[in-house]
Amino acid sequence: MPELPEVETVVRDLRPHLLGRRLLAMHWGPRPLRRSKPATARTERVDSRVNAIQRRGKWILVFCDQGQALRIHLGMTGQLMVVPATEPRPDHLHWWADLDNNCQWRLRDVRRFGSVEWFVRGQEALTELEQKLGPEPLALPVGYLPKVAGQSSRSLKAILLDQTIVAGVGNIYADEVLFQAGLHPLRPAATLSIEDWERLRRVLRDVLQRAIRARGSTIRDYIGGSGLQGQFQNQLQVYGRWEKPCPQCQTPIARLRVVGRTSYYCPQCQK
DNA sequence: AAGTCTCCCTGAGTGC
DNA sequence: TGCACTCAGGGAGACT
């Protein structure tokens with residue numbers, strides 16, 4: 001499941017293949033992705049050069065030199081890759097773009113939770129996101145979290161998953177961060193001390209940075225933009241480790257459902 | 001009005 | 001072998 005470290009890895013992998021390349025045309029297949037625009041099967045003439053590729057939260061933004069932009073979300077199972085155009089089309093291919101070097105940039109997405117949106121006025125793709133997303137967790141100002149969540153009765157798990165508070169954290173890294181910080185997923189945000197919030201801020205940054213270095217976590221479907229799997233799944237301390245011993249205290253890892261998501265945690269280490 | 005729930009989607013896994 | 005069922009969870013919108 002692509003979260004911030006996985007999306008960042010995809011963006012870094014794609015840059016050398018796409019920067020400076022001309023996008024000739026792009027194609028949406030007959031089975032619609034979620035909330036894609038255009039929504040129906042069609043081909044869009046583009047003929048514009050790729051200027052920049054960036055990540056914002058779990059979103060990918062690709063800017064072209066005539067002011068347009070592509071906005072892509074990988075959903076749960078999205079895979080982006082650049083391959084020779086002659087390569088056979090895989091199953092579940094729902095969008096692709098023709099490049100000027102006989103290569104094709106492709107989105108494969110088994111569950112179609114992803115989206116690809118084409119903006120003629122590219123800046124709108126970013127300003128829309130900025131209106132609804134919180135800051136990047138790798139660069140959170142000291143004091144930001146207690147300011148926006150310090151009075152909230154919500155659980156810490158809900159806070160971390162809320163993209164309007166902080167953008168890019170999903171279920172896996174929320175659990176890992178809370179374990180590393182020694183905080184229970186159901187702990188009400190309003191009960192944290194300033195020291196707790198500062199520890200959480202640092203752990204959030206450190207866990208995500210380590211995961212980026214490992215090219216993210218491949219649990220089931222995720223692969224990077226060069227087709228490589230991630231390696232951080234081997235460093236996960238609690239996620240997916242139900243009833244296995246806690247790496248700190250050997251207590252069996254517990255799980256429960258918080259805001260519709262499965263949470264893994266150590267009942268001994270996390271208070 | 002803040003916070004939680006439901007829905008979408010498919011393949012893998014499980015039990016019978 | 002086949003079938004029914006559950007689970008995985010991102011984000012949007014419905015609901016309480």
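Below, chain A is the first sequence line, B the second, and so on; all start at residue 1. As a basis for the values below, the full set of heavy atoms in this structure was taken, side chains included, without hydrogen atoms, waters or symmetry mates.
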Can you check whether A:Ser153 has a side-chain N or O nearer than 4.0 Å to OP1 or OP2 of B:dA2?
no
Determine: side-chain N/O of A:His73 to OP1/OP2 of C:dG11, distance under 4.0 Å, yes or no.
yes
Respond yes when some side-chain nitrogen or oxygen of A:Arg31 is under 4.0 Å from OP1 or OP2 of B:dT10, and no when none is.
yes
Given atom CG of A:Asp175 and atom P of C:dA8, what is their separation to the nearest angstrom?
12 Å
Between P of B:dC9 and CG of A:Leu74, the distance in whole Å
19 Å
Can a side chain N or O of A:Arg111 be found less than 4.0 Å away from OP1 or OP2 on B:dA12?
no
Are A:Glu136 and A:Arg55 within salt-bridge range, i.e. N to O under 4.0 Å?
yes
With the side chain defined as heavy atoms from C-beta on, A:Leu161 is closest, among C:dG10, B:dT4, C:dA8, to C:dG10
Does A:Lys132 NZ have over 12 foreign heavy atoms under 6.0 Å away?
yes
Starting at CG of A:Asp162 and ending at P of B:dA2, how long is that distance when rounded to a whole Å?
12 Å
I need the CZ-P distance between A:Arg241 and C:dA8, as an integer number of Å.
17 Å
Quickly work out the A:Ile165 CD1 to B:dA2 P distance and round it to whole Å.
11 Å
Please work out if A:Thr77 contacts a base, only the sugar-phosphate, or nothing of the nucleic acid, heavy-atom cut-off 4.0 Å.
nothing
From C-beta outward on A:Arg154, which listed nucleotide comes closest to its side chain: B:dG11, C:dG10, B:dT4?
B:dT4
Between A:Asp196 and A:Arg187, does at least one N-O distance fall below 4.0 Å, as a salt bridge requires?
yes
Taking only the side-chain heavy atoms of A:His92 (C-beta and beyond), determine which of B:dG11, C:dA12, C:dA8 contains the nearest atom.
B:dG11
Report the nucleotide, chosen from C:dG10, B:dT4, C:dA8, that has the shortest atom-to-atom distance to any side-chain atom of A:Tyr264.
C:dA8
Both A:Lys132 and A:Met76 contact DNA chain C. Which one's nearest nucleotide lies toward the 5' end?
A:Met76
Of the listed nucleotides (C:dG10, C:dA12, B:dG11), which one gets closest to any side-chain atom of A:Val110?
B:dG11
Could you check A:Tyr173 against A:Glu6 for side chain to side chain donor-acceptor pair (under 3.5 Å), going step by step and ending with a plain yes or no?
CA-CA 11 Å; A:Tyr173 295 104; A:Glu6 290 76 27; 2.6 Å; yes
Send over the distance from A:Asn171 CG to C:dG11 P, rounded to a whole Å.
12 Å
Tell me which nucleotide among C:dA8, B:dG3, C:dG11 gets nearest to the side chain of A:Gln163.
C:dG11
In whole angstroms, the gap separating C1' of C:dG10 from CG of A:Asp109 amounts to 11 Å
Need to verify one output field. Residue with the more 5' nearest nucleotide on DNA chain B, A:Arg261 or A:Ser155?
A:Ser155
Charged N to carboxylate O under 4.0 angstrom, A:Glu87 versus A:Arg106?
no
Between the base of B:dC8 and the side chain of A:Arg34, is there a donor-acceptor distance below 3.5 Å?
yes
What's the CH2-P distance between A:Trp242 and C:dT6, to the nearest Å?
17 Å
Would you kindly check if the NZ (Lys) or CZ (Arg) of A:Arg202 is within the cone defined by 45 degrees around the ring axis of A:Trp197 and under 6.0 Å from the six-membered ring centre?
no
Phosphate oxygens OP1/OP2 of B:dA2: is one of them under 4.0 Å from a side-chain N or O of A:Ser152?
no
